[in-house]
Amino acid sequence: MREYQHQQLEAKWRQKWQQEGLYTAENGQDKPKFYVLDMFPYPSGAGLHVGHPKGYIATDVVTRCMMMQGYNVLHPMGWDAFGLPAENYALKTGVHPTISTADHIVNYKRQLDDIGLAYDWNREINTTDPDYYRWTQWTFLEMFKRGLVYESHEPINWCPTCKTGLANEDLENGLCERCGTVVEKKPLRQWAVRITDYANRLLADLDKLPDWEDSIKEMQRYWIGRSVGAEINFKVIINTSGVIPHPSREAGAKAGILPVTVDQRLDSRLRGNDTGESAVIKVFTTRPDTIFGATYLVISPEHELINELGDAILNLNEVQGYISQVKNKSDMERTDLNKDKSGIELQGVKALHPVTGHQLPIFAADYVLSGYGTGAIMAVPAHDERDHEFALKYNLPIIKVVVPPALDQLNTVGFNSLPEHTDIRVVDDCYTAEGLAINSDFLDGLSTAAAKEKIIIWLTENKIGQAKVQYKLKDWVFSRQRYWGEPIPLIYCEYCHDNPTNEGERLNPGWIADDNLPVTLPMVDHYEPSGTAESPLANITDWVNVKCPRCGKAAKRETNTMPQWAGSSWYYLRYCDPYNDKELISKKAEKYWNPVDLYVGGAEHATRHLIYARFWHKFLFDIGVVSTEEPFAKLRHVGLILAEDGRKMSKRWNNVINPDDICSEYGADAFRVYEMFMGPFDQPVAWNTNGVIGARKFLSKLTALSQKVGDDSASKAAISQLHKTIKKVTSDIIDFKFNTAISALMILVNALGDEESLTKEQYGMALQLAAPFAPHLAEELWQELGHGQSIFLSSWPRFDAELAQDEAAVVVIQINGKVRDQMEVGLDMPAADVEALAKAREKIVSWLEGKEIVKVIVVPNKLVNIVIK
RNA sequence: GCGGACGUGGUGAAAUUGGUAUACACGCCAGCCUUAGGAGCUGGUACCGCAAGGUGUGAGGGUUCGAGUCCCUCCGUCCGCACCA
């Protein structure tokens with residue numbers, strides 16, 4: 001058998017393709033465009049392992065196939081090169097990140113090239129290039145000027161190892177996603193981006209993305225976490241005792257059953273028109289319909305109320321003791337679901353129930369999070385499991401106010417008068433589903449939905465609360481106290497400030513935009529993070545001290561840098577117009593290439609990069625830079641390749657396989673075919689080097705077929721197989737079913753191997769189908785056939801339905817659904833004839849003997865099922 | 001706990017979407033060939049049975065002429081989120 005020397009062969013074609021500019025995409029051609037994008041890598045010192053290129057190979061297969069189908073394909077690559085590893089490496093070795101990053105990029109690029117990936121390197125970008133990050137900074141300033149960026153002093157996630165603040169998205173189970181350290185909460189001056197302003201659009205527009213996998217969309221929906229409910233004000237009263245009479249005149253009158261002894265003074269205070277002599281606790285709830293079941297309030301230990309009330313809290317020392325105890329716990333410990341709930345009552349203060357006027361105890365407890373909603377809740381222990389657990393532990397009243405719909409016949413007369421459901425202490429069950437309101441005054445008998453609506457109207461009319469939509473998504477903490485990132489281009493001047501919007505709340509006094517972009521990252525001698533709100537840049541005094549661009553007086557630069565996600569939030573746009581020094585992207589390039597038609601990368605980016613990029617894009621849309629609301633039309637995620645031992649590939653386990661070794665031993669083509677053949681693209685699979693040998697055998701068989709090329713055509717059956725394969729491979733590539741595409745190619749090559757002879761055209765078509773997967777070998781064999789130009793400039797073979805037809809159909813004969821016989825019949829034979837033939841079969845006759853035929857089902861060209869009794 | 005994906009040979013996996021379960025490949029077994037290499041070729045490879053035949057897609061029910069595929073109940077695996085009120 002004819003063998004092939006993959007090393008010379010592959011190197012030869014790679015060089016030729018580069019020389020000929022085969023992958024160069026031209027802006028604005030007449031041809032239809034197709035933009036295929038990989039998530040660009042962080043060029044680490046370790047280089048690629050065999051898992052990394054799986055997605056790149058898939059996009060490469062699509063790229064080459066689309067090129068052959070006549071598209072002007074853009075398939076670029078670049079480097080997401082800011083980030084901690086380069087900085088940490090600098091700390092250790094003193095080698096500047098610019099140098100180490102450049103080295104790593106050379107290695108990465110060589111590795112990618114060795115796999116034969118069709119990248120247009122003319123468009124290579126690097127997020128650390130000042131010509132690139134000036135536009136990252138520019139977009140940030142555009143946000144700043146529109147009030148979408150604000151300075152905040154909220155406690156944020158702080159990694160004590162990396163010595164930097166982190167965004168919510170940078171955590172994994174309460175650990176720093178980078179280094180695995182337990183993250184602390186730390187108050188820190190920081191810049192934050194109002195991504196929550198876009199929460200609703202980010203959520204709603206997911207529905208406009210039919211070509212995204214549901215799993216990714218669901219993850220984003222959950223991350224954005226929209227909850228519809230109400231915000232309700234509870235007045236705090238101090239040093240009171242005894243129960244206050246029911247204050248709700250209107251409610252009582254409407255229901256016609258309530259006592260009308262109203263404390264006028266209290267009433268006016270409750271309606272929110274008083275002078276602010278008492279504190280208010282705002283709570284958020286998704287179940288305002290259960291308000292009559294609220295028996296206590298809980299605020300988070302961080303809640304400002306504790307400071308506000310101060311000595312009014314009789315057990316202030318104890319409360320503070322509890323709080324410091326909680327603060328010493330990590331988020332991990334705090335949110336451990338298995339642990340007992342803990343809390344402490346604020347003695348001497350009560351909250352007034354805004355409808356019933358009952359005095360409710362107030363607790364501080366760490367099961368209420370400071371970062372969500374208002375950091376305070378009304379506890380309804382009968383209908384919320386957490387509140388229920390807490391109420392049991394602290395012996396608090398539990399009032400049932402919702403019953404399952406099946407119990408709706410119960411005569412629910414009103415508060416305090418129910419015979420059966422007035423159980424103030426329901427111990428065992430906690431009903432969290434929807435149902436019908438009971439014990440709820442004017443809500444009694446209403447369904448949960450109706451009760452929600454009615455109570456919200458009531459709260460609004462009485463200025464006690466209003467409807468409220470709440471998101472889990474938090475504003476994007478945008479400052480990093482580290483060196484190796486884009487400088488935030490702001491200057492602090494004591495005399496000037498930019499007034500970014502007309503809305504007072506968005507004023508950033510003292511901070512002004514430095515429009516003189518790029519603000520380049522200066523060289524430093526010391527990278528050590530300070531552990532404070534400043535980055536190592538703070539030490540470079542001649543960089544930090546500047547003249548105010550507005551007034552010319554002495555001013556200081558912001559020394560925080562941007563998070564790594566900044567540069568990757570818009571890089572796909574820059575590929576379209578990489579050399580533009582006037583604008584982020586030209587209108588022409590944007591109109592032509594945007595949006596990305598196919599985007600492939602790891603699912604780990606579902607709630608990080610993919611949310612940030614969608615947000616960034618929407619902002620650019622709002623300011624007229626891009627013309628679409630969404631950046632990525634079709635998204636596929638790549639399944640992990642595990643090591644042969646089934647674990648993740650890692651230096652730690654010593655199970656890393658380097659693609660360099662595989663490519664030099666078996667060839668890049670065999671490597672590519674194997675990775676695409678391993679299994680479904682989006683599923684995790686363990687690596688098996690034997691599989692590469694199998695792929696290599698297939699390529700050898702494909703090569704061997706060249707010996708059969710002659711004047712005589714292949715058989716009709718083989719031609720039929722060829723056309724079926726064209727159909728299958730074409731649709732499988734679009735559907736990302738590369739494994740079955742290759743299996744179809746293997747079947748074809750096996751079938752052609754049995755032929756005496758095949759024509760140049762027939763062999764050529766087989767080569768074209770294999771070309772996206774095994775580009776080097778296919779090119780070699782194609783040009784051997786005498787074609788003057790690249791196989792990738794040839795037209796993708798077209799499927800001919802007539803040629804693909806079989807001459808005959810094999811029909812299965814079943815008795816009662818069990819296969820008993822099969823026969824070959826002419827295609828599309830009428831059902832009656834097929835049935836007659838089947839019944840006449842010797843085997844079938846014996847099965848039918850003495851039986852009564854109940855029914856016969858004939859599926860054309862497939863089967864006959866005879867039902868007997 | 002919530003959300004998503006899934007469960008088929010010794011292994012990775014197919015199955016035209018309700019119509020022959022295990023295609024394709026790895027591995028293994030037997031044979032052939034050889035200039036002994038990461039070779040190549042031929043055949044075999046779900047289980048029980050000598051056979052006829054029977055049984056088989058995590059378990060159990062159901063719908064149907066017919067179920068890996070649809071419905072219900074349960075068990076298990078992987079991924080994401082997780083005290084989000």
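Just the heavy atoms: all of them, side chains too, but no hydrogens, waters or symmetry mates, feed the values below.
Here A:Val859 lies in heavy-atom contact (under 4.0 Å) with a base. Using a 4.0 Å heavy-atom criterion, one finds that A:Gln822 contacts the bases of the nucleic acid, with or without backbone contacts as well. Nucleic acid contact class of A:Glu385 (heavy atoms, under 4.0 Å, all strands): none. At a threshold of 4.0 angstrom between heavy atoms, the contacts of A:Gly225 with the nucleic acid are absent. Nucleic acid contact class of A:Arg608 (heavy atoms, under 4.0 Å, all strands): none. When heavy atoms are screened at a 4.0 angstrom cut-off, A:Val867 is found touching the sugar-phosphate backbone but no base atom. Across all strands, A:Lys818 comes closer than 4.0 Å only to sugar-phosphate atoms, never to a base (heavy-atom distances). Contact annotation for A:Ile693: no contact, since no heavy-atom pair falls under 4.0 Å across all strands. Note on A:Asn688: only backbone sugar-phosphate atoms sit closer than 4.0 angstrom, heavy atoms only; bases stay farther off. Counting non-hydrogen atoms under 4.0 angstrom, A:Thr607 reaches nothing in the nucleic acid. A:Asn750 comes within contact range of the sugar-phosphate backbone alone, with a heavy-atom separation under 4.0 Å but no base atom that close.
Under the 4.0 Å criterion applied to side-chain N and carboxylate O atoms, A:Lys724 and A:Asp800 are not assigned as salt-bridge partners.
Nearest-nucleotide positions on RNA chain B place A:Pro684 closer to the 5' end than the other of A:Pro684 and A:Lys843. Between A:Gly694 and A:Thr740, the residue anchored nearer the 5' end of RNA chain B, judged by the nucleotide with its closest heavy atom, is A:Thr740.
Nucleotides B:rA82 and B:rG12 place their C1' atoms 33 Å apart, quoted to the nearest Å. Taking atom P on both nucleotides, B:rG7 is separated from B:rG53 by 32 Å, rounded to a whole Å. Rounded to whole Å, the P atom of B:rU20 lies 15 Å from the corresponding atom of B:rG66. Comparing the C1' positions of B:rA59 and B:rA39 gives a spacing of 47 Å, expressed to the nearest Å. Taking atom C1' in both B:rC65 and B:rC48, one finds a spacing of 28 Å when rounded to whole Å. Between B:rG19 and B:rG54, the two P atoms lie 22 Å apart (nearest whole Å). B:rG10 and B:rC75 have their C1' atoms separated by 24 Å, given to the nearest Å. Here the separation of B:rC32 from B:rU22, taken at their C1' atoms, is 29 Å to the nearest Å.
When each of B:rC41, B:rG54, B:rC83 is scored by its nearest atom to the side-chain atoms of A:Lys341, the top-ranked nucleotide is B:rC83. Closest to the A:Tyr666 side chain, of the nucleotides B:rA85, B:rC24, B:rG38, is B:rG38. Taking only side-chain atoms of A:Val810, from C-beta outward, the nucleotide of B:rU20, B:rA25, B:rG19 with the closest atom is B:rU20. Of the candidate nucleotides B:rA21, B:rA25, B:rG4, B:rA25 has the atom lying nearest to any side-chain atom of A:Phe677. The side chain of A:Glu218 lies closest to B:rG4, out of B:rG4, B:rA23, B:rA21. Among the nucleotides B:rG19, B:rA23, B:rA85, the one closest to the side chain of A:Lys862 is B:rG19. Taking only side-chain atoms of A:Met746, from C-beta outward, the nucleotide of B:rG19, B:rC24, B:rC81 with the closest atom is B:rC24. Comparing atom distances between the A:Lys737 side chain and each of B:rA25, B:rU20, B:rA15 picks out B:rA15 as nearest. Counting only heavy atoms from C-beta on, A:Val685 has its side chain closest to B:rA13 among B:rA13, B:rC2, B:rC24. Relative to the side chain of A:Ser227, the nucleotides B:rA85, B:rG53, B:rA13 differ in distance, and B:rA85 lies closest.
Counting distance only, with no hydrogens placed and no angle test, the side-chain atoms of A:Asn690 and the base atoms of B:rC26 include no donor-acceptor pair under 3.5 Å. No hydrogens or angles were tested; on distance alone, nothing pairs the side chain of A:Lys472 with the base of B:rC81 as donor and acceptor under 3.5 Å.
The phosphate of B:rA85 (OP1 or OP2) has a side-chain N or O of A:Tyr372 nearer than 4.0 angstrom. Neither OP1 nor OP2 of B:rA52 sits under 4.0 Å from any side-chain N or O of A:Arg820.
Figure legend: A:Lys472 and A:Tyr222 shown as a cation-pi pair, the cationic atom lying under 6.0 angstrom from the six-membered ring centre and within 45 degrees of its axis. A cation-pi arrangement is present between A:Lys341 and A:Tyr367 under the rule of less than 6.0 angstrom and at most 45 degrees off the ring axis. Judged by the 6.0 Å distance and 45° axis criteria, A:Lys54 is positioned over the aromatic ring of A:Phe681.
Put simply, CD on A:Gln220 and CH2 on A:Trp212 are 5.0 Å apart, with the number rounded to the nearest 0.5 Å.
Shown here is A:Lys727, whose NZ atom has no more than 12 heavy atoms of other residues, nucleotides or ligands within 6.0 Å. For A:Lys393, the NZ atom is densely surrounded, since the number of other residues' heavy atoms within 6.0 Å is greater than 12.
With its glycosidic angle more than 90° from 0, B:rG76 is assigned anti. The glycosidic torsion of B:rU17 lies within 90° of 0, placing the base in the syn range.
Across the protein-nucleic acid pair, A:Gln814 atom CD and B:rG53 atom P stand 15 Å apart, rounded to whole Å. Regarding A:Met219, its CE atom lies at a distance of 16 Å from the P atom of B:rC78, rounded to whole Å. Rounded to whole Å, atom P of B:rU16 lies 13 Å from atom NZ of A:Lys727. If you take CG of A:Leu745 and P of B:rA23, they are 18 Å apart, rounded to a whole angstrom. In this entry the distance linking NE2 of A:His637 with C1' of B:rG4 reads 10 Å, nearest Å. B:rC81 atom P lies 11 Å from atom CD of A:Glu169, rounded to whole Å. Taking atom CG of residue A:Asn739 and atom C1' of nucleotide B:rA23, one finds them 12 Å apart after rounding to whole Å. One atom, NZ of A:Lys697, and another, C1' of B:rC24, lie 13 Å apart when rounded to the nearest Å.
Looking only at side-chain heavy atoms (C-beta outward), A:Arg608 and A:Glu177 come within less than 4.5 Å of each other. Residues A:Ile398 and A:Val380 have side chains not in contact (no heavy-atom distance under 4.5 Å, counting atoms from C-beta outward).
In this structure a side-chain-to-backbone donor-acceptor pair under 3.5 Å is missing from A:Arg636 to A:Val600.
Taking the side chain to side chain donor-acceptor pair (under 3.5 Å) definition, one finds that A:Asn861 meets it with A:Asp828, sequence neighbours left out.
Pairs of Watson-Crick or G-U wobble type, with distances under 3.5 Å, assemble into runs of 3 or more in RNA chain B at these ranges: B:1-7 with B:75-81, B:10-12 with B:24-26, B:27-32 with B:40-45, B:46-48 with B:53-55, B:58-62 with B:70-74.
Ring centroid separation for the pair A:Phe363 and A:Tyr296 comes in under the 6.0 Å cut-off.
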